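One structure below.
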Amino acid sequence: MKLFKSLFIVALSLLTSVTTLADIERIEITSRDTLSDSNVDFSYESISGVAYFTLDPNEDLNGAVTDIAYAPLNGDGLIEYAADFRILVPSVSVANGGLLYNVNNRGGSSFPPERSLLHPLSGMGFTYLATGWINELSPQDGRLRLHAPIVGSAEQRITGSVRYEVSVGATAEKVNIAGDGHLAYEPTAAGLASASLTRRLYQDDPRLPVERSQFQLEVVAENDSNQPIVNLSVAGGFQPGMLYELVYEAHNPVLAGAGMAAIRDMVSAIRFGDDAADELTQLGLPDIHSTVAWGNSQSGRLLRQFMFDGFNEDLNGRKVFDGVIPVIAGSGYGMFNNRFAMPTRTNGQHSNHLFPNDLFPFTYGESTDPFTGRTDSILGKARASGTVPKVMHIQTSNEYWVRGGSLPHTNPQGTTDAVLPEEVRFYSIGGSQHGSGSGLPRAATSGQLPPNPNMWAPISESLLVAMYDWVANDEAPPPSRYPQIADGSLVPSHIEGRINSRAWNQLRGVNHPDAAYTPGFASYGDRWAEERIIDRHPVTTDMYYQALVPAVNSNNNDSERSTVLPPTTQVPLATFVPWNLRAVSTGAEKSLARLSGGYIPLPTNQAEADQASDQRTPIASMYSSFSGYLSLYEAATDTLISEGYLLQGFKQTYMDIAHSNDFIFD
C-alpha cells in the first residue's frame, strides 16, 4: 500500500508539472474581420486579441528567461503575463496545414494576404500568426505588444546602471532616449541626480562630458504600460550626427524574455493542442502540421536569439518550429533577454558600438572565439535537445557593410569559411540595401547618394515558400549562394586603411567609406555570461572580429555567381551600391548611413563616360536597344525562377520595373 501511495503521489506530481509548466490561461478576442476579394474564391479571417499566459518558475526550460526567479507570483506560484496577437485563418477550401509565424518588428507585422489576396502566397492557404514580444513599446492602434511584469518587488526593487545613446539627423530640443514610440527605464532618485552625459561626433573621438546642470531628464508615465517615456534635453539643443551617451541608475526592469516564451508556448499550443485546446477552439484554426518562423532585421535577430537560448524546444521536449528564417539580421542577436533589456537598440558603424548585441557565437555550426577560447554555436541547445529546425539565413549585401554580415558564415577571424550544418542554407541577395525598395530610383535624403531602390522582397518571400516545402514535403530548397573566402568572392573592405579595389572601384565625385562596421569583443562584467546582467558599460575595445564584404565587378555591382542577384542588378542600368554615407546635413558625413545603400546610374554612352572619367561600362555598350535590354532582363528573371529562388507569381512585378526604364533608351 505504501508503494502504491508513493507511486500515486509521483504520478500526481508529474501530471501537475505538465499542466502547470506554462499555459495559455485565456484568449480574449478584440476584433474579427474578413479579408475577401471578388477576384478569388477564398478568404481569410483576421482575428486580433490578447493571449494571457502563465510561466512556472520551477520548470528548468523556463530558466532560459532572464530574471524569472525575481518575477511576481500568483496564488498558484505562477508568473502571469500577456501578449497581443493577430492571426489570419484561411478558408477551408485553401487551408494547407502550414503555420507561418512572423516575428513583428517593433510591434508592426504585415502578412501577404493583408497586402493583397492576389499576392502569390495568398492562395496557398497558410495560417499566419504574430504575437507581441516587446514590452518597451508605447501603445498604438494595431501595435502588437508584450505585457510583461516588473521583476523585483516594491520592498526590494532591482536597480542597475543603464546606458542609452542618442543621435539625431536634424537639430532638436528634446529627444526620447529610447526612440520615438519607445519606452525606457525609470531613473532612481539617486540616478536622476547623478546621471552622466557625454558627447562626441565619431565613435573614436574623446567623450566630452556635459555638466549635469546643462541637461535635463523628463520622466513621463505612459498609459497601459509599466515603463515610462524618458526625454532628454540639452542646453543649446542636439546637434546633427553628434553621439550623446547617457548613463544613469534605473530600477524596475521587466521580464523581457517572456516575449520568447510567449512565442514558444503560443505556437506549441496551436500545433499540439494540449491544455489550451478549449481556448483555441474559438479561433477556428485548421489542423497545423508544419510550422515556419520568419522575421526581418530586428525580428531576424530575435530568431537567432530564440534558437541560441533554447526556445525551439517546448516544455514537453517537442520542436516548436520546423523551419526558421532570419532575414537581414546580419551577425547579431539583441538585448532581448537580459536585465534592463532594450530590444530595439541596434549596433552600427556610426552609433551604438559595444552594446551587447553582436556577440559570439555568430555561426549555426560550431566555432571558437579567439578571445575566450570558448566553442559554441547558435544551434547548440537545439541540437542537444533534438529540436534543430531547418534554417535559411537570408541577407543583403548591405548587411556585410553595416551589420558584420560575413560572420555567420566564416570563422570569427575572417580567415576561413565556416562549414554550414546540413540543416542550414545561406542566401545573400546582392546589389541591395537593408530594406527592399520599389525598384524605382528616388532622390537622396539622409545619404550622400540616392538610396538603393532594388526590390528583393519577392526573393525572400519565394524562399519562405521553399522553406515550407522543405519542412512539410521534404523538397530540397535551392542551394546556398553566398560569397566565400575560398573562391575570392568575400574580401576585406579595406587593406591597411585604404579601400580595397576588390570591394569598391573608386569613382570620381563619389566618397567611399573609411571603414565597414566590425563587431568588437568587450566585457560586460562578471555576471553577464551566466545571468545576463550588465555591471560594466564598455566604452572601447582593441579586440575585433573580422567582418568581410562581397567582391564587386568592374561596374561595382555584385556577382550573380556569389549572390542571389535581382534582375535589376544582373542586367544593370546603374551601380547598386550596398552602402551609403551620411548626408552632410545630418552630420558625421564620414560615417556609413544607417542600413542604407546607394544608387549611381551608369553612363549612357562612351562620350558621357569619358567626360566624367567613369570607367564603368556605358549602357549603350551593353544594350543595343530597349528591346534588347528587356530580353536579357526577362531571361535573368526566368533563370531565378528555374533555379528556385523566385516564384513564377512574382515575375510580372519584376517585369514592370524593367518596363518603367524605357525612357532611358529614348
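In this chain, numbering begins with 1 at the start of the sequence shown. No experiment lies behind these values; they were computed from the predicted model shown.
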Ser109 side chain to Asn102 side chain, donor-acceptor N/O pair below 3.5 angstrom = yes
query = Just checking, is any N or O donor in the side chain of Ser138 or Glu222 under 3.5 Å from an acceptor N or O on the other one?
reply = yes
request  = Go through the steps for Ser493 and Tyr400 under the test side-chain hydrogen bond (donor to acceptor under 3.5 Å, both in side chains), then give the verdict.
outcome  = CA-CA 9 Å; Ser493 64; Tyr400 287 88; over 6 Å; no
request  = Would you tell me whether Asp558 and Ser397 have side-chain atoms, one donor and one acceptor, within less than 3.5 Å of each other?
outcome  = yes
query = Does the cation-pi check pass for Arg200 over Tyr202, that is, NZ or CZ under 6.0 Å from the six-membered ring centre and within 45° of its axis?
reply = no
message = Can you confirm whether more than 12 heavy atoms, excluding those of Arg163, are under 6.0 Å from its CZ atom?
response = yes
Close aromatic pair by centroid cut-off 6.0 Å: Phe521 and Tyr544 = no
key: Parallel, tilted or perpendicular: rings of Phe426 and Tyr482 (30°, 60°)   = tilted
ask   = Do NZ/NE/NH1/NH2 and the carboxylate oxygens of Arg207 and Glu245 come within less than 4.0 Å?
value = yes
message = Let's go through Thr396 and His434 carefully: what are the C-alpha distance in whole Å and the side-chain angles of both, what is the deciding distance for side-chain hydrogen bond (donor to acceptor under 3.5 Å, both in side chains) to 0.1 Å, and is it a yes or a no?
response = CA-CA 6 Å; Thr396 72; His434 187 75; 5.6 Å; no
task = May I ask you to check if Arg345 and Phe355 form a cation-pi contact, with NZ or CZ under 6.0 angstrom from the six-membered ring centre and within 45° of the axis?
result = yes
Partner set under ring pair (Phe, Tyr, Trp, His ring centres under 6.0 Å) for Tyr545, not counting sequence neighbours = Phe362, Phe371
message = Checking Asn338 against Tyr524: is there a side-chain donor and acceptor pair closer than 3.5 Å?
response = no
ask   = Got a salt bridge between Arg304 and Asp309, using NZ or NE/NH1/NH2 to carboxylate O under 4.0 Å?
value = no
ask   = Does Asp535 pair with Arg527 as a salt bridge, N-O distance under 4.0 Å?
value = yes
ask   = Is it true that Asp224 and Arg145 have a side-chain N and a carboxylate O under 4.0 angstrom from each other?
value = yes
message = Check this for me: Asp526, atom CG, are more than 12 non-hydrogen atoms of other residues, nucleotides or ligands nearer than 6.0 Å?
response = no
ask   = For the side chain of Asn580 and the backbone of Gln448, is there at least one donor-acceptor N/O pair under 3.5 Å apart?
value = yes
query = Relative to the ring of Tyr164, is the ring of Tyr248 parallel (under 30°), tilted (30 to 60°) or perpendicular (over 60°)?
reply = parallel
Flag for Glu423-Tyr364: side-chain donor and acceptor within less than 3.5 Å = no
request  = Determine whether the side chains of Glu218 and Ser233 contain a donor N or O and an acceptor N or O closer than 3.5 Å.
outcome  = no
message = I'd like to know if the side chain of Thr368 pairs up with that of Thr375 as donor and acceptor (distance under 3.5 Å, no hydrogens or angles considered).
response = yes
request  = If the plane angle is over 60° it's perpendicular, under 30° parallel, otherwise tilted; pick one for His494 and His512.
outcome  = tilted
ask   = Quick one: are the ring centres of Tyr101 and Phe321 less than 6.0 Å apart?
value = yes
